[in-house]
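Throughout, protein chains are lettered first and strands after them, A, B, ... in sequence-line order, and every chain is numbered starting at 1.
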Number of protein chains: 2
Amino acid sequence: MRLTTKGRYAVTAMLDLAIHSHCDPISLAEISKRQEISLSYLEQLFSKLRQAELVVSVRGPGGGYKLSRSLDDIFVAQIVDAVNESIDATSCQGKGNCQHGEVCLTHHLWSDLSDQIHHFLSGISLEKLVDRGDVKSISQRQNNVALEDVDHEDLNQSDLRVIQTSHTA
Amino acid sequence: MRLTTKGRYAVTAMLDLAIHSHCDPISLAEISKRQEISLSYLEQLFSKLRQAELVVSVRGPGGGYKLSRSLDDIFVAQIVDAVNESIDATSCQGKGNCQHGEVCLTHHLWSDLSDQIHHFLSGISLEKLVDRGDVKSISQRQNNVALEDVDHEDLNQSDLRVIQTSHTA
DNA sequence: CCAATAACCAAGTAATTTAGTCAACTATAT
DNA sequence: ATATAGTTGACTAAATTACTTGGTTATTGG
Ligand code: FES
Ligand code: FES
């Protein structure tokens, strides 16, 4: 059973994408800045998310990633599954053979737990998350912080406009 | 979030204890043989289980461990908690401060998930596990295997009697 | 008493996994 | 052309897990 920073980062990044993608693709650099996740690490994660067909990529300037389908059709379980091997609590990957090919004493317990977790995370779509009040306010805060950070850098008007737009939209 | 071999071993060992302890204490050597867990590793785990007051120890020959209370008053969640730090899916240990002291975008999701898991594992007592049909049959198989293993070693009659007793009881 | 037993304890190590870096390459918009 | 931004693979550092080693204490049966 592994649910670590990797899975959390993936869900966080996908939620960031869900919040900010209205039509234009979002670059990993933006997500990296807002969610404070290493850009190179995000690249690895999105490679897997793309393979799982949860996102589509647009290359070249102005490119980035977009969600492959609507918010109510992407679930947290799918995201975690895409980057982690699985959210499986057994040590046998559900095969029931971890004691010399035979099922061990606690297999069914872990199997049941896995089902529980999977069922829970399968019930939560990105849409549900985006609609939450706390997510909205936290996102606002992050936009403001990102804006302040950008102020301290050299940037041209078009950069600022992009950020302002996604901020106030 | 960590639920690895450590927690699984702990629950397995406690369940073994629950199945075999009728009155006499059970030595870690026995559990080690039946569940195929390193003896020294078991010692470390039981050190924590004892600190959590889930088991009591009896030193000296014929000694071992016994459950500290009845089967229906020990829950899987307590066992996992005792050896793992916690079954917490957040990266902030529930404090809500993983982004510069502020709550991050997905905190509530992981917090809810942690509650779910904890609630599920809190509802499963050793008694429930012992009563399961599959646990009974798997335990029988393990006893037979342990018996065969012992046959191949040098042993005296009293050793054999102990194992037979716990096997057929 | 004494030797065997089995819990207790501390330190260290090997293997694995995670989190992150680096460097090169490809497609595309301006 | 050139800058942007995704794509890929290999590589590294840190953390954690799983396990070993080598003791010490307490207790019991002979
Ligand atoms: S966890 Fe599946 S057989 Fe042991
Ligand atoms: S996980 Fe709790 S604040 Fe981020």
Side-chain angles (χ1 to χ4, degrees), chain A residues 1-10 12-13 17 21 24-33 35-52 54-66 68 80 83-86 88 91 98 154-156 158-159 162, chain B residues 1-10 12-13 17 21 24-33 35-52 54-66 68 80 83-86 88 91 98 154-156 158-159 162:
Chain A
M1 170 84 200
R2 41 179 103 94
L3 181 48
T4 71
T5 311
K6 194 195 278 187
R8 276 194 295 264
Y9 276 178
T12 303
L17 201 55
S21 82
D24 295 338
I26 304 296
S27 73
L28 293 187
E30 285 179 61
I31 300 178
S32 169
K33 207 165 261 175
Q35 305 304 332
E36 304 181 13
I37 304 173
S38 146
L39 176 59
S40 317
Y41 201 37
L42 274 179
E43 285 173 354
Q44 284 180 41
L45 298 180
F46 272 78
S47 170
K48 292 187 177 182
L49 293 172
R50 190 172 55 92
Q51 283 167 42
L54 295 173
V55 296
V56 291
S57 63
V58 179
R59 299 176 76 150
Y65 286 93
K66 302 174 66 171
S68 66
V80 176
V83 294
N84 283 4
E85 316 282 335
S86 68
D88 184 3
S91 67
C98 85
D154 50 29
L155 85 167
N156 56 35
S158 70
D159 280 344
V162 165
Chain B
M1 171 82 197
R2 42 177 103 93
L3 180 48
T4 71
T5 310
K6 195 195 278 185
R8 275 194 296 263
Y9 275 177
T12 303
L17 202 54
S21 82
D24 295 338
I26 304 295
S27 73
L28 294 188
E30 285 179 62
I31 300 177
S32 169
K33 207 164 265 177
Q35 304 306 330
E36 304 181 13
I37 304 172
S38 145
L39 176 59
S40 320
Y41 200 37
L42 274 179
E43 284 176 354
Q44 286 178 37
L45 298 179
F46 272 78
S47 170
K48 291 188 174 179
L49 293 172
R50 192 173 54 90
Q51 283 167 41
L54 295 174
V55 295
V56 291
S57 64
V58 179
R59 298 177 75 149
Y65 286 93
K66 302 173 63 171
S68 66
V80 176
V83 294
N84 282 6
E85 316 282 334
S86 69
D88 184 4
S91 68
C98 86
D154 50 29
L155 86 167
N156 56 36
S158 69
D159 280 346
V162 165

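Comparing S40(B) and Q44(A) by the nucleotide of DNA chain C whose heavy atom lies nearest to each, the residue mapping closer to the 5' end is S40(B). Closest-nucleotide positions on DNA chain D for G60(B) and G7(B) were compared, and the one nearer the 5' end corresponds to G7(B).
Within the 4.0 Å cut-off from OP1 or OP2 of dA5(D), not a single side-chain nitrogen or oxygen of R50(A) is found. Between S27(A) and dA5(D), a side-chain N or O to OP1/OP2 separation shorter than 4.0 Å is absent. Here S47(A) does not reach the OP1 or OP2 of dT7(D): none of its side-chain N or O atoms lies under 4.0 Å away. OP1 or OP2 of dC8(C) has at least one side-chain nitrogen or oxygen of S57(B) nearer than 4.0 Å. The side chain of R59(A) places no N or O atom within less than 4.0 Å of a non-bridging phosphate oxygen (OP1 or OP2) of dT8(D). Here T4(B) reaches the OP1 or OP2 of dA18(D): one of its side-chain N or O atoms lies under 4.0 Å away. For Y9(B) and dC19(D), the shortest distance from a side-chain N or O to OP1 or OP2 is below 4.0 Å.
Rounded to the nearest 0.5 angstrom, L42(B) CG and S47(B) OG are separated by 12.0 Å. Atom CG of L17(B) is separated from atom NZ of K66(B) by 10.0 Å, given to the nearest 0.5 angstrom. The structure places CD1 of I26(B) at 7.0 Å from CD1 of I31(B), a figure rounded to the nearest 0.5 Å.
No contact: F46(B) has no heavy atom under 4.0 Å from any strand.
Comparing atom distances between the K6(A) side chain and each of dA5(D), dT28(C), dA19(C) picks out dA19(C) as nearest. Closest to the side chain of S38(B), from the set dC19(D), dT28(D), dG6(D), is dC19(D). Distance from the side chain of P61(A) is smallest for dA29(C) among the nucleotides dT28(D), dA29(C), dA19(C). Taking the side chain of E43(A) as heavy atoms from C-beta on, and the options dT27(D), dA7(C), dT7(D), the nearest nucleotide is dT7(D). Taking the side chain of Y41(A) as heavy atoms from C-beta on, and the options dA7(C), dC19(D), dG20(C), the nearest nucleotide is dG20(C).
Summarising the geometry, the separation between CG on D24(B) and P on dT28(D) is reported as 13 Å, rounded to the nearest angstrom. Remark: C1' of dA6(C) and CG of L39(B) are 9 Å apart, rounded to the nearest angstrom. Rounding to whole angstrom units, CD of residue E36(B) and P of dA18(D) are separated by 16 Å. Remark: P of dT18(C) and CG of L42(A) are 17 Å apart, rounded to the nearest angstrom. Separating the NZ atom of K48(A) from the C1' atom of dT18(C) is a distance of 11 Å, rounded to the nearest angstrom. Atom CD of E30(B) and atom P of dT5(C) are 14 Å apart (whole Å). The separation between L45(A) atom CG and dG6(D) atom P is 13 Å, rounded to whole Å. Between the C1' atom of dC9(C) and the CG atom of L28(B) lies a distance of 14 Å, rounded to the nearest Å.
Classified by interplanar angle (parallel below 30°, tilted 30° to 60°, perpendicular above 60°), the ring pair Y65(B)/F46(B) is tilted.
Annotation for K6(B) and L45(B): closest pair CG-CD2, 3.6 Å, computed over non-hydrogen atoms.
Applying the side chain to side chain donor-acceptor pair (under 3.5 Å) test to S38(A) and every residue at least two apart in sequence or in another chain returns nothing.
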